[in-house]
2 protein chains.
Amino acid sequence: MSKKSEHSTIHDIAQALGLTASSVSRALNDNPRISEATRQAVKEQAEKMNYRPNLVAAGLRTGKTGILGIIIPLANRAFFASIISGLERVANQSGYNVMICQTGDSYEAEKSAVEALLRARVEGVAVSVSAKTLDFKHFDRIKQAKIPLILFDRTMDEIGASEVVIDDRLGAMLATEHLIEQGCRRIAHFAGLQHISIYKKRTKGYLDALEKHGLSYDENLVVFGEVKEGSGDAAVNTLYERGVSFDAIFSSSDFAAIWAMKNLQKRGVRIPDDVAIIGFANEPFTELVTPALSTVNQLADDLGSAIANLFLEEINVKKEQRKPQKIVLMPEIIVRESSKRVIR
Amino acid sequence: MSKKSEHSTIHDIAQALGLTASSVSRALNDNPRISEATRQAVKEQAEKMNYRPNLVAAGLRTGKTGILGIIIPLANRAFFASIISGLERVANQSGYNVMICQTGDSYEAEKSAVEALLRARVEGVAVSVSAKTLDFKHFDRIKQAKIPLILFDRTMDEIGASEVVIDDRLGAMLATEHLIEQGCRRIAHFAGLQHISIYKKRTKGYLDALEKHGLSYDENLVVFGEVKEGSGDAAVNTLYERGVSFDAIFSSSDFAAIWAMKNLQKRGVRIPDDVAIIGFANEPFTELVTPALSTVNQLADDLGSAIANLFLEEINVKKEQRKPQKIVLMPEIIVRESSKRVIR
DNA sequence: GTGAAAGCGCTAACAT
DNA sequence: ATGTTAGCGCTTTCAC
């Protein structure tokens, strides 16, 4: 093995076999224009020399790095972690590697992430747009590079890219209908910030379910605003302050749901008998709390693999005639103790 | 901009300015052997032409790809997700990108992951060794490539690589001492599989704490075996079957702890008054259950950033004189309701 | 301070 | 079926 590099090259193999680099290349890549005998010999020799193709060199030559980039607000969040997991698994099966960038929900970091991935010449980029992003010029850079751009979770129609999302409205509707089927008639709703599309859609699903079942909408039952941890606690207080009676809660977030549950339990309210609760997202903790929290499965892992599959599909389409696609996954509700009433 | 590529190159810039590629390269890289004037001109022109350095080309030339690889069993697990998060954040600050591979705890997948990262010419690899890995030859390939190899979480002394871990024994000891301070004297312990080093160390910490405080070891209080979700439930049953009395549990896993808590609550046992409980790992759900579960903070995010920092340090050391380092982080206990007794 | 030239390891026309 | 050649975009000696 030559001193200058830690790795053997196709030239080393060629030399050892009295061949040329191109023949070795052909043999290694199973190019038909090579004899079976040489192919064998080359592969054996490669094995013997611990040859490992240099993807950097191949990438420079072919323009294909075999790298997929993903930009997320924060890797350390169950939903995104599952997406990464699904994405990596499928991408890897097709020989692709996955490169990750976090934005911390910062617009500046998102811009840098785009540049970083483009510098690395990734073959495609998946993005969950940062909450603080209002300007989308940096995504044009991806389109200019003529590589697939796929948005997921927080998407932006303005960008005009492919999307992989779940049907939030449907999920919310199923959740609300489930509560109705449990006999609940006064269903409160923690709505989340409505300028974020996923929350808006979930609220829409709630309203649609009410309408479908002939229940009237009572604005006193709906609490807008953030649906983070503490806000579930505050939202319950708000309902009590309003003096409104309710026999169920559909929360657009598991976190708010869980804190609502804690609040109600302190008040001596029985769950699900007095108030049935269902959340949204299927966070890992939902099956660990008492009572276990019903929720809507966001299919994060499936989202990840769907992103990967869309990538693989788009990469093989001529850049010019790549049309933005929209893949919508159908969520399912997961019914647990927090909403399972004994129907009399 | 030339037709063949979507990107402008240093040649394009050079041509536009009547310079040569090498001067442009120097200007862009702030090489001192260039005049301030040209540097300015080049940078302006680069900006104007939307120039984006091709890291693949640079990487081929210099051997430095600016990529760090990380191999984990599963991205979708809170502990690993946090490590990725911390690693990416710090690495990115120094201009490095992070490439991820999952093994699904499979030995074969781990071997492939090593090869995949090596083919991509990453500048270093961090690994949490798969549970099924008993043979370590594939890690030699990383050493042969003369790039830093850093083990974390599940480490293997046999491999002779740098390590970033937390002091499991200390964490377990602190947890156990905390229970003792709460007045507990008959402390049960869910020990986990002892052939896995982290569990062995946690059990050691438990024993050390008992000894330090003059409590005798009662083997009936210790339940060996897996510490997964359901096993916490089974472990409590085992204690009852043994007819042993206990006033506290130190579980080497939050999952087992939470299921133990559920089991005890069903039996009408009050927590923490009858039995105080503390787990290990600071899983996200621990603060959401009722009562909130005390635990040992594994500092996953810090682990990730420590890995990144060690990388950055080792990368700048001549390969030959890189000595395996061992970085040990000190865990802290997080005291919540599940173990906080009102001391009389 | 700038240019010329070589080459990183690979692939892909184009020969033969 | 194999060899020759050129070049992907960049950095880096070596000249001047």
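Convention: sequence-line order gives letters A, B, ...; per-chain numbering from 1.
Contact between the side-chain N/O atoms of A/Ser25 and the OP1/OP2 oxygens of C/dT11 is found at a separation under 4.0 Å. Regarding contacts with the backbone of C/dT11, a side-chain N or O of A/Asn29 is found under 4.0 angstrom from either OP1 or OP2. Regarding contacts with the backbone of D/dG3, a side-chain N or O of A/Ser23 is found under 4.0 angstrom from either OP1 or OP2. Put simply, B/Ser35 has a side-chain N or O that comes within less than 4.0 Å of OP1 or OP2 on C/dT2.
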* Asked: Is there a ring-ring contact (aromatic ring centres under 6.0 Å, His included) between A/Tyr51 and A/His7 once you walk through the steps?
  -> CA-CA 7 Å; A/Tyr51 172 74; A/His7 299 276; 9.0 Å; no
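Going from atom CG of B/Asn54 over to atom C1' of C/dC10 covers 14 Å, rounded to whole Å. Rounded to a whole Å, the CD1 atom of B/Ile10 is 14 Å from the C1' atom of D/dG7. Between the NZ atom of A/Lys64 and the C1' atom of D/dG9 there is a distance of 17 Å, rounded to whole Å. One atom, CZ of A/Arg121, and another, P of D/dC8, lie 14 Å apart when rounded to the nearest Å. Going from atom CG of A/Asn31 over to atom C1' of C/dA12 covers 9 Å, rounded to whole Å. Put simply, CG on A/Leu19 is 10 Å from C1' on D/dG3, counting in whole angstrom units. In this structure, B/His11 places its NE2 atom 12 Å from C1' of C/dA6, rounding to the nearest Å. Residue B/Gln15 contributes atom CD, which lies 14 Å from atom P of D/dC10 at whole-angstrom precision.
Side-chain proximity of B/Ile34 to D/dT2, C/dT2, C/dG9: nearest is C/dT2. When distances run from any side-chain atom of A/Arg33 to the nucleotides D/dA1, D/dC8, D/dA15, the shortest one goes to D/dA1. When each of C/dT11, D/dC8, D/dA1 is scored by its nearest atom to the side-chain atoms of A/Thr38, the top-ranked nucleotide is D/dA1.
With B/Asn92 contributing its side chain and B/Arg89 its backbone, the two residues share no donor-acceptor pair below 3.5 Å. B/Asp105 places a side-chain N or O within 3.5 Å of a backbone atom of B/Ala131 that can act as its donor or acceptor partner. In terms of modelled atom types and a separation under 3.5 Å, the side chain of A/Ser8 and the main chain of A/Met49 share a donor-acceptor contact.
If B/Ala21 and A/Leu55 are placed on DNA chain C by their nearest nucleotide, the residue sitting closer to the 5' end is B/Ala21. Each of B/Arg26 and B/Ala57 has a nearest nucleotide on DNA chain D; the 5'-most of these lies closest to B/Ala57.
Nucleic acid contact for A/Thr62: sugar-phosphate only, since backbone atoms but no base atoms lie under 4.0 Å from a heavy atom of the residue.
Ionic pairing of A/Asp135 and A/Lys111 is not present here: no N-O contact between side-chain nitrogen and carboxylate oxygen is shorter than 4.0 angstrom.
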